[in-house]
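Okay, so here's the structure we're looking at.
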Amino acid sequence: MVDLARPWILLLLLPLAGWIWWWWASPAWVLLQAHPRFAPGGPSGVGTVAIRPPLPWLVRGVGLAVLVVALAGPRVREGHPGLPGEGLAIMVALDLSGSMGTRDLEGRSRLEVAREEVQRFIQGRPRDRIGLVTFSVEAVTRVPPTPSHAYLQRVVESLRISPLDEGTALGVGLGLAAHRLQPIDSPSRIVVLVTDGRSNTGALEPLPVARAAARLGVRVYTVGL
């Protein structure tokens with residue numbers, strides 16, 4: 001759907017339309033010139049040529065009209081009637097510890113399956129702001145909550161496991177994801193925690209962090225692989 005950010009600016013088209021109409025309806029200008037029948041040195045005489053006002057005036061008017069439309073801010077709004085999504089703020093906290101590379105899911109690694117499911121989840125929430133935190137021995141914000149899902153999906157697809165990432169700081173990852181949601185004004189704030197194991201490193205234990213998040217209005221959903 002196309003609409004305008006500043007539709008009132010289109011009122012400027014009214015005087016422009018009057019200017020263009022005046023150009024079209026104005027009487028022809030009269031140009032006086034020497035009559036070709038009179039040779040140099042002969043009897044003087046003049047002829048007349050009828051012309052309209054110079055064409056560049058009309059070109060300028062049309063150009064100004066295009067400028068006015070541009071200033072009105074035409075934009076395309078994408079609607080998704082009937083699709084889920086309530087404008088929520090969601091952080092996905094994805095485990096990137098070494099065990100996520102285990103290929104025990106029908107020949108696929110746990111990370112491959114997790115990436116696929118996270119991608120599907122993002123596609124199913126077109127109206128929500130979604131961000132991404134990854135964690136292993138430490139946690140990193142990959143994407144803050146954003147409506148730019150195409151960029152987020154590219155980041156998810158690019159995720160790989162580092163051979164040095166052997167720990168699972170589940171509490172730290174959960175805490176960072178909840179922290180990223182705090183400044184956002186939203187009907188609901190949610191962390192989706194995707195992991196294949198127990199917390200075995202990090203300064204924060206996951207259960208106290210989850211309780212603290214609940215007190216701050218952040219709901220936590222866990223997906224186990």
Side-chain angles (χ1 to χ4, degrees), residues 80 82-102 104-105 109-162 164-225:
H80 302 274
L83 293 177
E86 307 165 13
L88 308 184
I90 303 172
M91 286 298 296
V92 176
L94 179 59
D95 188 347
L96 281 187
S97 60
S99 60
M100 288 288 286
T102 305
D104 58 354
L105 297 176
S109 74
R110 299 171 187 178
L111 178 58
E112 289 172 344
V113 174
R115 281 200 313 251
E116 181 179 301
E117 293 304 318
V118 169
Q119 297 272 32
R120 185 177 300 157
F121 174 76
I122 295 169
Q123 292 171 359
R125 310 295 305 185
R127 299 178 186 172
D128 299 333
R129 286 173 288 178
I130 306 177
L132 175 66
V133 163
T134 60
F135 62 91
S136 52
V137 294
E138 59 184 15
V140 178
T141 301
R142 303 281 183 160
V143 182
T146 176
S148 180
H149 293 179
Y151 172 71
L152 175 61
Q153 288 180 309
R154 289 196 297 271
V155 174
V156 171
E157 185 61 32
S158 70
L159 294 176
R160 299 294 183 269
I161 296 172
S162 168
L164 301 177
D165 293 339
E166 292 301 327
T168 305
L170 201 154
V172 176
L174 176 58
L176 179 58
H179 173 71
R180 282 294 186 179
L181 292 172
Q182 284 308 297
I184 299 178
D185 183 16
S186 172
S188 185
R189 292 170 293 176
I190 296 170
V191 173
V192 178
L193 180 65
V194 183
T195 181
D196 71 335
R198 296 179 179 273
S199 181
N200 55 24
T201 189
L204 300 175
E205 290 295 324
L207 284 179
V209 171
R211 294 190 186 104
R215 287 194 295 270
L216 295 173
V218 176
R219 289 183 288 168
V220 179
Y221 295 91
T222 304
V223 177
L225 291 166

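Throughout, residue positions are numbered sequentially from 1 according to the sequence presented.
- Checking side-chain atoms of T146 against main-chain N and O of S148 turns up a donor-acceptor pair under 3.5 Å.
- Within the 3.5 Å criterion, the main-chain N or O of I130 finds no donor-acceptor partner in the side chain of D128.
- Shortest non-hydrogen contact noted between P187 and G87 is CD-O, 3.5 Å.
- In this structure, E117 pairs ionically with R120, as a charged nitrogen and a carboxylate oxygen lie closer than 4.0 Å.
- Rounded to the nearest 0.5 angstrom, S97 OG and D196 CG are separated by 5.0 Å.
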| request: Give the C-alpha distance, both sets of side-chain angles, the deciding distance and a yes or no for side chain to side chain contact (heavy atoms under 4.5 Å, CB included) between F135 and L193. | output: CA-CA 10 Å; F135 62 91; L193 180 65; 3.8 Å; yes
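- With rounding to the nearest 0.5 angstrom, the CG atom of L225 is 12.0 Å from the CD atom of E112.
- Pairing each heavy atom of I184 with each of P145, the nearest pair is CD1-CG, 3.3 Å.
- Using a 4.5 Å heavy-atom cutoff, the side chains of V143 and Y151 are in contact.
- The minimum heavy-atom distance linking V172 with A139 is given by the pair CG1-CB, 3.8 Å.
- Within the 4.5 Å cutoff, the side chain of R198 has no heavy atoms near those of the L170 side chain.
- The two residues V133 and G173 make their nearest non-hydrogen contact at CG1-O, 3.9 Å.
- To the nearest 0.5 Å, the span separating CZ on R125 from NE2 on H149 amounts to 9.5 Å.
- Between the CG atom of L176 and the CG atom of L204 there is a distance of 10.5 Å, given to the nearest 0.5 Å.
- The backbone N or O of L159 lies less than 3.5 Å from a partner atom in the side chain of R115, making a donor-acceptor pair.
- Here the side chains of I90 and F121 are in contact, with some heavy-atom distance below 4.5 Å.
- Inter-residue side-chain proximity for V218 and Q182 is flagged as met; some heavy-atom pair is nearer than 4.5 Å.
- Of the possible polar contacts, one joining the S186 side chain to the A89 backbone as a donor-acceptor pair under 3.5 Å is found.
- By the 4.5 Å heavy-atom criterion applied to side chains, R110 and D104 are counted as neighbours.
- Taking 4.5 Å as the limit, every side-chain heavy atom of M91 sits out of range of all side-chain heavy atoms of R189.
- Of all heavy-atom pairs between A114 and L94, the closest is CB-CD1, 3.9 Å.
- Residues passing the side chain to side chain donor-acceptor pair (under 3.5 Å) test with T141, sequence neighbours excluded: R180.
- Atoms CZ and CG, on R219 and L88 in that order, are 7.5 Å from each other to the nearest 0.5 Å.
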